[in-house]
Participant: 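The following block contains the structure, expressed as structure tokens.
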Amino acid sequence: MATVLEAFCLVLVSVLWGATNPFLKKGTEGIEKIQSGNCVTQLLAEMKFLVLNYKYLIPFLLNQSGSLLFYFTLASTDLSLAILLTNSLTFVFTALTGKLLGEDIGGKQAIAGMLLTLIGITLCVASNISVEP
């Protein structure tokens, strides 16, 4: 059984992962323009572009902090609940953040899919949460 704190941490992981995905995509804009002589110098030039680009680096660090929180939360959480909760909510938060940034997330079917995902997650979490005194 998962506690309320563990469920909160997993939702926070989903927010950190999902909300940063569209920003990571925006932060990599322009990397395709980098041209170099061979594979090694191309790789180094692209890494330099990403490391020196705050529009990529800040979302990347937030995303990785979500990974650290996920790793520590897995130590005490039911794995089947953790994977279900984080992966499905990450999709929802990615779509919502993308929509806020002006990306096309799809039509009514995408929204219906997100609602069904949220209903399913709610049922799974409600059946697995134990409130500790």
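By convention here, the first residue in the shown sequence is residue 1. Note that the coordinates shown come from a computational prediction; the quantities given were computed from them, not determined experimentally.
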Participant: With clusters built from Ile, Leu, Val, Met, Phe, Trp and Tyr whose side-chain heavy atoms come within less than 4.5 Å, directly or transitively, what are the remaining members of the cluster of Val40, listed by chain and number?
Facilitator: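 Listed partners: Leu44.
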
Participant: Please find the pair of heavy atoms, one from Gln42 and one from Ile34, that lie closest to each other, and give the distance.
Facilitator: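 Closest approach of Gln42 to Ile34: NE2-O, 3.0 Å.
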
Participant: Going by side-chain contact (heavy atoms from CB on, under 4.5 Å), name the residues that satisfy it together with Leu5, two or more places apart in sequence or in a different chain.
Facilitator: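 Partners of Leu5 under the side-chain contact (heavy atoms from CB on, under 4.5 Å) test: Thr3, Cys9.
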
Participant: Which residue pairs satisfy the side chain to side chain donor-acceptor pair (under 3.5 Å) criterion with at least one member in residues 12-21, sequence neighbours excluded?
Facilitator: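 Matches after skipping sequence neighbours: Trp17-Ser67, Thr20-Asn63, Asn21-Thr94.
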
Participant: Quick check for you: to the nearest 0.5 Å, what is the distance between Glu6 atom CD and Leu85 atom CG?
Facilitator: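 It is 11.5 Å, given to the nearest 0.5 Å.
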
Participant: Can you hop from Leu10 to Leu84 via hydrophobic side chains spaced under 4.5 Å?
Facilitator: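 Different hydrophobic clusters.
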
Participant: Pairs under 3.5 angstrom only: tabulate donor-acceptor contacts from the side chains of residues 104-126 to other protein residues two or more places apart or in another chain.
Facilitator:
residue, atom, partner, partner atom, Å
Asp104, OD1, Gly106, N, 3.3
Thr117, OG1, Gly113, O, 2.8
Thr122, OG1, Leu118, O, 2.7

Participant: Going hydrophobic residue to hydrophobic residue with side-chain gaps under 4.5 angstrom, can you get from Leu24 over to Leu12?
Facilitator: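 No, Leu24 and Leu12 fall in different hydrophobic clusters.
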
Participant: Side chains of Thr90 and Asn87: is there a donor and an acceptor less than 3.5 Å apart?
Facilitator: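 Checked: Thr90/Asn87 side chains show no N/O donor-acceptor pair below 3.5 Å.
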
Participant: Taking all non-hydrogen atoms of both residues into account, name the closest pair between Pro22 and Gly98 and its distance.
Facilitator: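 Looking at all heavy atoms of both residues, the closest pair is CG-N, 3.6 Å.
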
Participant: Taking all non-hydrogen atoms of both residues into account, name the closest pair between Thr77 and Ala82 and its distance.
Facilitator: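 The answer is CG2-CB, 4.1 Å.
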
Participant: Could you walk me through whether Phe23 and Thr28 pass the side chain to side chain contact (heavy atoms under 4.5 Å, CB included) check?
Facilitator: CA-CA 9 Å; Phe23 288 104; Thr28 59; over 6 Å; no

Participant: Please check if Tyr71 and Phe8 belong to a single hydrophobic cluster, counting links between Ile, Leu, Val, Met, Phe, Trp and Tyr side chain heavy atoms closer than 4.5 Å.
Facilitator: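 No; Phe8 is not reachable from Tyr71 via cluster members.
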
Participant: Can you give the donor-acceptor pairs under 3.5 Å from side chains of residues 47-62 to other protein atoms, not counting sequence neighbours?
Facilitator:
residue, atom, partner, partner atom, Å
Asn53, OD1, Lys55, N, 3.0
Asn53, ND2, Gly27, O, 2.7

Participant: Measure across Gly66 and Leu16 and return the closest heavy-atom pair with its distance rounded to 0.1 Å.
Facilitator: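 In terms of heavy atoms, the two residues are closest at CA-CD1, 3.6 Å.
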
Participant: Are Ile83 and Phe93 co-members of a hydrophobic cluster defined by side-chain heavy atoms under 4.5 Å apart?
Facilitator: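 Yes, because Phe93 and Ile83 connect within a single hydrophobic cluster, where side-chain heavy atoms sit under 4.5 Å apart.
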
Participant: Run the side-chain contact (heavy atoms from CB on, under 4.5 Å) test against Lys25 and tell me which residues pass, sequence neighbours left out.
Facilitator: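 Testing Lys25 for side-chain contact (heavy atoms from CB on, under 4.5 Å), a comparison that skips the adjacent residues, returns Glu103.
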
